Peer 1: 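This is the structure I have questions about; it appears just below.
Quick caveat, the model's predicted, so the values are computed rather than measured. Values reported hereafter were calculated over all heavy atoms of this structure, with side chains retained and with hydrogens, waters and symmetry mates removed.
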Amino acid sequence: MSVIYKPTGMAREYSPYALNIYIGCSHRCKYCYAPHTLQRTEDNYFGKPEPRKDILKLLEKDLKKNVYTEQVLISFVGDVYCDNADNSATTREVLKLLNEYKVPVAVLSKGGSKMLRDLDVFKSFGDRITVGTTLTFLDNDKSREWEPYASLPEDRLFTLKTLHDNGIKTFASFEPTIEPSESLKLIERTLKDDSVDHYKIGKINNYKSADKWQDWEKYLFNCTKLLRPAMKKVYYKFCLRKLAPNVILWDNEKNPDLYNVRTSRSKQSSIFDNI
């Protein structure tokens with residue numbers, strides 16, 4: 001069985017393929033969907049995760065059998081740069097193996113500067129990699145409240161800037177958006193820093209009637225006011241778009257695959273084109 005898989009639902013909007021290296025996480029984010037999805041208790045999920053059993057062996061077997069020319073995201077379950085059992089050594093070996101087989105990769109983490117341990121490996125991919133972080137709050141206290149053991153906002157912003165300055169394609173995930181005012185401040189900051197190549201913007205989902213908290217239409221409109229003049233690449237997730245029907249978006253702002261890294265540069269149609 002392949003360890004690289006095709007995600008479905010809202011996860012599919014992030015990448016056509018994905019790979020999970022650790023099953024568990026130390027960040028303990030309040031909004032984390034993984035314990036419920038995996039049918040685990042929080043105590044059984046949150047902690048210091050071990051790498052998946054035989055993950056390197058299974059991955060190499062997968063790569064020898066299958067050719068991946070479309071983006072593989074690391075990861076949807078667990079953060080590969082959290083406080084894990086092997087100090088993310090398996091993450092590094094997985095990346096090296098993916099690079100050996102010329103797989104295009106996206107890395108998403110809230111680990112901040114822990115990601116910079118693998119800067120040399122990221123560079124070895126050339127244009128077949130994009131590295132991103134989730135941005136939720138600029139305020140440290142709010143960040144600690146919602147994401148207790150993830151890196152603080154300034155560390156994530158510093159990491160994005162460092163990656164970008166070293167020639168690595170970067171992206172910022174604004175999902176979840178919990179307080180739009182905080183997310184808008186973060187967008188402004190990344191524009192000032194010139195640290196992000198591609199934005200992925202959504203909202204908080206399936207969390208205590210979150211849709212009643214905010215004016216999502218106003219938020220989406222304000223995002224376009226910031227990002228369009230800056231001519232930034234952006235994808236607005238369907239969960240946000242459907243709650244803001246009066247905001248007219250451009251086709252390139254609704255195509256989740258348009259800015260993915262890939263080995264084939266041929267035009268690809270998206271299953272979301274007509275949503």
Peer 1: Quick test of your reading of the model: are Arg228 and Glu253 salt-bridged, counting only N-O distances below 4.0 Å?
Peer 2: yes
Peer 1: side-chain contact (heavy atoms from CB on, under 4.5 Å) between Arg144 and Phe137: does it pass, once the steps are laid out?
Peer 2: CA-CA 9 Å; Arg144 277 285 179 251; Phe137 295 100; over 6 Å; no
Peer 1: Between atom CG of Leu157 and atom CG of Leu138, what is the distance when rounded to the nearest 0.5 Å?
Peer 2: 6.5 Å
Peer 1: Do the side chains of Lys232 and Asp194 get close enough for a salt bridge, i.e. N-O under 4.0 angstrom?
Peer 2: yes
Peer 1: Is there a side-chain contact (heavy atoms from CB on, under 4.5 Å) between Cys32 and Tyr45? Walk through the geometry before answering.
Peer 2: CA-CA 10 Å; Cys32 184; Tyr45 179 78; 4.0 Å; yes
Peer 1: Closest heavy-atom contact between Ser26 and Cys82?
Peer 2: OG-CB, 3.3 Å
Peer 1: Less than 4.0 angstrom from a charged side-chain N to a carboxylate O is my criterion; do Glu154 and Lys161 meet it?
Peer 2: no
Peer 1: With sequence neighbours left out, write down each residue that passes side chain to side chain contact (heavy atoms under 4.5 Å, CB included) with Thr8, or none if nothing qualifies.
Peer 2: none
Peer 1: Does the side chain to side chain donor-acceptor pair (under 3.5 Å) test come out yes or no for Asp62 and Tyr68, once each step is laid out?
Peer 2: CA-CA 10 Å; Asp62 186 341; Tyr68 296 97; 2.7 Å; yes
Peer 1: Restricting to non-hydrogen atoms, name the atom on Thr136 and the atom on Glu182 that form the minimum distance, rounded to 0.1 Å.
Peer 2: O-CB, 3.8 Å
Peer 1: Would you please classify the geometry between the His198 ring and the Phe171 ring as parallel, tilted or perpendicular, with 30° and 60° separating the classes?
Peer 2: tilted
Peer 1: Considering only NZ, NE, NH1 and NH2 on the basic side and carboxylate oxygens on the acidic side, decide whether Arg12 and Asp257 come within less than 4.0 Å.
Peer 2: yes
Peer 1: Taking only residues two or more places apart in sequence or in another chain, which ones pass side chain to side chain contact (heavy atoms under 4.5 Å, CB included) with Lys114?
Peer 2: Tyr81, Asp83, Arg117
Peer 1: Examine the side chains of Asn20 and Tyr5 and answer whether a donor and an acceptor come within less than 3.5 Å of each other.
Peer 2: yes
Peer 1: Is atom NZ of Lys6 surrounded by more than 12 heavy atoms (other residues, nucleotides or ligands) closer than 6.0 Å?
Peer 2: no
Peer 1: Please list, chain by chain and in numerical order, all residues satisfying salt bridge (charged side-chain N to carboxylate O under 4.0 Å, His left out) with Lys142, sequence neighbours excluded.
Peer 2: Glu179
Peer 1: Can you tell me which residue among Asn99, Leu98, Val261 is in a side chain to side chain contact (heavy atoms under 4.5 Å, CB included) with Arg128?
Peer 2: Asn99
